[in-house]
Protein chains: 2
Amino acid sequence: MRVVNTKGKKFRVPDATILRLPLYLDKLILLQQAGVKEVSSRQLATSLDIKASQLRHDFHYFGGFSKPGRPYQVDKLVPALEEIIGVDVPVPMIIVGAGHLGQGLANYRNFERLGFPLRGIFDVDPKLVGLEIRGVPIRPLSEMTAFVKEHGIKVGVLTVPVNVAQDVANQMVAAGVVGVWNFTPTDIRTPPQVIVRNERLAVGLMCLSFKTKRIGQTEELKGD
Amino acid sequence: MRVVNTKGKKFRVPDATILRLPLYLDKLILLQQAGVKEVSSRQLATSLDIKASQLRHDFHYFGGFSKPGRPYQVDKLVPALEEIIGVDVPVPMIIVGAGHLGQGLANYRNFERLGFPLRGIFDVDPKLVGLEIRGVPIRPLSEMTAFVKEHGIKVGVLTVPVNVAQDVANQMVAAGVVGVWNFTPTDIRTPPQVIVRNERLAVGLMCLSFKTKRIGQTEELKGD
DNA sequence: TTAGTCCTGTCAAAGACCTAACATGATCGG
DNA sequence: CCGATCATGTTAGGTCTTTGACAGGACTAA
């Protein structure tokens with residue numbers, strides 16, 4: 001991933017940095033809501049459990065957001081990061097699969113705040129079709145393709161059963177979606193220009209498992 | 001993180017490897033269910049979009065799971081990884097916060113399969129208390145501490161509102177929980193021996209945002 | 001038996017990433 | 001005005017991670 005920073009220089013931004021930008025923004029929004037005006041790299045880094053030099057290094061790829069001697073101003077940093085991450089331009093989104101997880105996500109209020117207004121929910125189950133979640137009606141899956149085209153939907157959230165995941169994803173892509181947020185426990189194949197983000201709940205659980213099971217062994221295995 | 005491999009040697013296992021183990025297991029279980037008996041490092045790696053040498057290198061930390069010339073046997077590899085990850089020993093779990101996300105997670109059937117049987121659900125809302133999800137009743141939050149102690153609960157899933165997250169986490173830890181699966185959009189502080197896994201949905205969304213917004217710019221910024 | 005093919009375990013080199021250190025600039029109090 | 005303090009931007013060096021290459025075992029077919 002490459003960007004041109006504020007000083008006209010081209011940088012290759014490491015993936016690791018990109019993955020941290022949302023963490024910075026997340027924390028900064030909390031600070032902003034708490035009325036904090038200024039924050040130093042040390043304060044911000046400490047609260048995220050990383051090194052201050054790493055944070056400054058990350059910001060450096062974008063030309064820096066302050067000048068030597070002055071801490072970062074929260075009210076300037078937030079919109080700057082929002083623009084870099086792309087949160088400032090709305091990306092209309094749909095949820096496909098109105099099961100428990102799909103409905104839970106549909107109730108998540110932060111989507112709008114993060115630039116992803118929810119425009120539609122789709123499911124095959126006739127018992128679900130017609131219900132409304134936060135004002136958004138559940139529509140039959142058969143209408144999805146036309147809806148995506150008509151409303152210029154860019155991102156689809158995939159919360160369908162595993163066995164139809166690839167099929168539904170294919171329909172989304174054919175209809176014009178450029179990003180898929182995949183909550184199903186399987187890999188889906190897409191053309192290279194379509195971005196897939198896998199949200200593998202099982203993986204999170206297993207990581208937790210690996211670590212908790214090793215509590216109590218740590219005395220004999222120093223230095224993890 | 002350190003382990004002793006099958007040849008008695010001590011290795012420090014990199015974090016990057018640990019994060020991949022669940023992906024391997026996840027895929028292998030799918031293969032096993034499909035009746036596949038043997039799989040080579042190339043096949044497995046290709047399906048996960050990584051290099052075969054990396055997969056073999058990862059397995060090498062644990063002494064390897066086959067011998068030169070023979071592909072991996074799915075039925076041997078699955079239990080071996082399950083043991084390493086810790087999925088083979090059940091870890092009783094509770095969900096605290098029976099809102100939409102909490103209920104969605106409570107309906108997730110894979111928890112048992114992954115070694116995390118759901119033993120209880122807790123909430124402060126009297127309208128929710130008494131409801132059952134997949135046979136597990138929702139109990140008042142005030143009973144949580146006693147329940148954790150009595151049933152030897154090891155892991156708590158945190159799906160409460162942000163403003164009470166730290167407070168509820170403190171109660172969990174005081175009651176004896178050793179792992180917290182945090183779905184709230186905030187950091188929580190715990191003693192060092194308690195493992196916290198943050199499942200930050202907003203971060204996943206923002207990563208997707210960063211990438212999808214840059215589609216169309218890729219022609220002028222070659223080589224991402 | 002033997003050549004050919006497929007495969008893993010192993011290691012060293014290359015690459016990506018993180019961190020400490022420092023030059024420099026801003027601010028404050030006296 | 002000046003020193004002390006705090007802060008960022010920047011870079012070089014160290015550390016962690018990935019990759020390619022290869023030795024050697026196992027199987028197959030002729």
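Because only heavy atoms are used, hydrogens play no part in the values below, and waters and symmetry mates are left out as well, while side chains stay in. Every chain is numbered from 1 and lettered A, B, ... according to where its sequence line falls, protein lines coming before strand lines.
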Can you list everything that forms a side-chain contact (heavy atoms from CB on, under 4.5 Å) with Ser47(A)? Sequence neighbours excluded, please.
Lys27(A), Leu44(A)
Taking only residues two or more places apart in sequence, or in another chain, which ones meet Ala175(B) in a side-chain contact (heavy atoms from CB on, under 4.5 Å)?
Thr145(B), Val148(B)
Can you list the steps and then say if Leu28(A) with Val39(A) is a side chain to side chain contact (heavy atoms under 4.5 Å, CB included)?
CA-CA 9 Å; Leu28(A) 283 163; Val39(A) 66; 4.0 Å; yes
Would you mind telling me which of [options] lies closest to the side-chain atoms of [X]?
{"X": "His57(A)", "options": "dT11(D), dC17(C), dT19(D)", "value": "dT11(D)"}
{"X": "Ala16(B)", "options": "dA7(D), dT18(D), dC17(C)", "value": "dT18(D)"}
{"X": "Lys67(B)", "options": "dG20(D), dA21(C), dA26(D)", "value": "dA26(D)"}
{"X": "Ser66(A)", "options": "dG9(D), dG24(D), dT19(D)", "value": "dG9(D)"}

Using whole Å, what does the distance between atom [atom2] of nucleotide [N] and atom [atom1] of [X] come to?
{"X": "Leu48(A)", "N": "dC18(C)", "atom1": "CG", "atom2": "P", "answer": "14 Å"}
{"X": "Phe62(A)", "N": "dT10(D)", "atom1": "CZ", "atom2": "P", "answer": "14 Å"}
{"X": "Leu77(A)", "N": "dA7(D)", "atom1": "CG", "atom2": "P", "answer": "15 Å"}
{"X": "Gln73(B)", "N": "dC7(C)", "atom1": "CD", "atom2": "C1'", "answer": "13 Å"}
{"X": "Tyr61(B)", "N": "dT18(D)", "atom1": "OH", "atom2": "C1'", "answer": "10 Å"}
{"X": "Gln54(A)", "N": "dG9(D)", "atom1": "CD", "atom2": "C1'", "answer": "16 Å"}
{"X": "Asp15(A)", "N": "dC18(C)", "atom1": "CG", "atom2": "P", "answer": "10 Å"}
{"X": "Arg56(B)", "N": "dG24(D)", "atom1": "CZ", "atom2": "C1'", "answer": "13 Å"}

Could you tell me whether [X] contacts a base, only the sugar-phosphate backbone, or nothing, with contacts defined as non-hydrogen atoms closer than 4.0 Å?
{"X": "Phe59(A)", "answer": "nothing"}
{"X": "Arg70(A)", "answer": "sugar-phosphate"}
{"X": "Ser53(B)", "answer": "base"}

5'-most contact on DNA chain D: Ser41(A) or Leu55(B), nearest heavy atom basis?
Ser41(A)
Ignoring backbone atoms, test whether [X] places a side-chain nitrogen or oxygen under 4.0 Å from the OP1 or OP2 oxygen of [N].
{"X": "His60(B)", "N": "dT10(C)", "answer": "yes"}
{"X": "Arg42(A)", "N": "dT8(D)", "answer": "no"}
{"X": "Tyr72(B)", "N": "dG9(C)", "answer": "yes"}

Nearest nucleotide by nearest heavy atom, which residue falls closer to the 5' end of DNA chain C, Pro68(A) or Val39(B)?
Val39(B)
Test Gln32(B) against Asp75(B) for side-chain hydrogen bond (donor to acceptor under 3.5 Å, both in side chains), laying out the working first.
CA-CA 7 Å; Gln32(B) 194 178 40; Asp75(B) 290 339; 3.1 Å; yes
Should we count CZ of Arg20(A) as having more than 12 external heavy atoms under 6.0 Å?
yes
